[in-house]
Structures are given as C-alpha cells and as structure tokens.
Amino acid sequence: MATHRRGGHAEVEVRDTGQGLPAQRAGRIFDGAFSSKGDGHGIGLALSHRIITRHGGEIEAGANEPRGTVFRFRLPLRRKGKPLHVPSDPQLPVSNAPE
C-alpha cells in the first residue's frame with residue numbers, strides 16, 4: 001500500500017500478488033454483480049466505486065506485473081475552493097474518535 005499527493009488529489013494505491021483480474025472481465029469489475037469468487041456477491045468494488053465517485057474521485061484497477069492486481073483511487077483534497085478538513089465548515093462532520 002502506498003499514498004501519494006498528486007496535484008489537488010490524494011491517491012491510495014494497493015497492490016497484491018494474487019491471480020490478477022481475468023482479462024475478459026476487466027471492464028466489468030466495478031459492476032454490481034461482478035465477482036471472481038464462487039461465493040462472492042460482487043458488491044464490494046461496486047460500492048467502493050460509488051462512494052469514491054460521489055466524493056469527486058476516481059478508482060482504477062490494472063495488472064501488477066508480474067502477478068496480481070493494483071488498485072488506485074484518488075480523492076480531491078479540496079471542495080468548492082475550500083480545504084476538505086476545515087473544522088469551521090458546518091457541512092463536514094467532526095469526529096472525536098481516536099485515530
């Protein structure tokens with residue numbers, strides 16, 4: 001896992017060394033019914049895609065050569081000209097949970 005700041009976005013990259021994405025289904029991995037697991041429901045990546053895009057971000061997946069998959073998602077660091085983590089913004093929840 002790695003994090004980067006790319007322009008006005010935060011990027012998270014996750015790599016694995018599993019079997020990778022099936023080439024014939026690579027374009028469908030964010031569909032609601034896609035699963036590479038026999039007992040999977042296929043909602044995990046679809047839900048991730050929905051959450052990220054609703055926050056103005058992007059998610060992508062590709063091959064992690066020589067084996068596996070790499071997922072990257074980007075989220076904007078600013079919203080409507082304001083930094084996202086401004087405590088005085090009444091539309092943003094303030095969490096008191098320990099980090």
Side-chain angles (χ1 to χ4, degrees):
M1 188 161 113
T3 59
H4 310 278
R5 183 177 181 146
R6 306 243 190 253
H9 290 79
E11 181 178 276
V12 176
E13 180 179 278
V14 179
R15 294 176 177 266
D16 73 21
T17 56
Q19 65 184 10
L21 297 172
Q24 70 274 21
R25 297 198 205 159
R28 295 189 51 229
I29 63 167
F30 298 112
D31 290 354
F34 175 82
S35 179
S36 62
K37 300 174 187 171
D39 61 348
H41 298 287
I43 63 170
L45 288 174
L47 183 59
S48 298
H49 182 269
R50 178 173 284 189
I51 291 168
I52 290 166
T53 56
R54 285 191 175 181
H55 284 86
E58 303 171 331
I59 185 170
E60 62 187 24
N64 182 25
E65 299 298 336
R67 181 178 163 98
T69 305
V70 58
F71 286 91
R72 284 184 201 90
F73 71 88
R74 287 172 288 286
L75 291 169
L77 294 171
R78 300 178 73 78
R79 180 181 54 136
K80 296 182 184 176
K82 296 180 181 179
L84 280 178
H85 299 289
V86 176
S88 62
D89 187 341
Q91 295 181 359
L92 295 175
V94 176
S95 174
N96 293 324
E99 294 186 29

For P76 against G56, the heavy-atom pair lying closest together: CD-O, 3.6 Å

Looking only at atom types and distance, does a side-chain atom of D16 sit under 3.5 Å from a main-chain N or O of G68, one as donor and one as acceptor? no

How many angstroms lie between atom CD1 of I52 and atom CZ of F30, to the nearest 0.5 angstrom? 8.0 Å

ring-ring contact (aromatic ring centres under 6.0 Å, His included) contacts in which one or both residues fall within residues 51-71, not counting sequence neighbours: none

Closest non-hydrogen atom pair, I59 against S48: CD1-CB, 4.4 Å

Could you identify which residues cluster with V70, counting Ile, Leu, Val, Met, Phe, Trp and Tyr as linked when any side-chain heavy atoms lie under 4.5 Å apart, either directly or through a chain of such contacts? none

What's the separation between atom CZ in R15 and atom OG1 in T69, rounded to the nearest 0.5 Å? 10.5 Å

Can you give me the closest heavy-atom contact between L21 and G62, atom names plus distance? CD1-N, 4.5 Å

Are L45 and V14 connected into the same hydrophobic cluster when the rule is that any two of I, L, V, M, F, W, Y join if their side-chain heavy atoms are below 4.5 Å apart? yes

Test of understanding: with side chain to side chain donor-acceptor pair (under 3.5 Å), list the residues that count as partners of R67, not counting sequence neighbours. none

Which residues pass the side chain to side chain contact (heavy atoms under 4.5 Å, CB included) test with R50, sequence neighbours left out? R54

Please list, chain by chain and in numerical order, all residues satisfying salt bridge (charged side-chain N to carboxylate O under 4.0 Å, His left out) with E11, sequence neighbours excluded. R6, R74

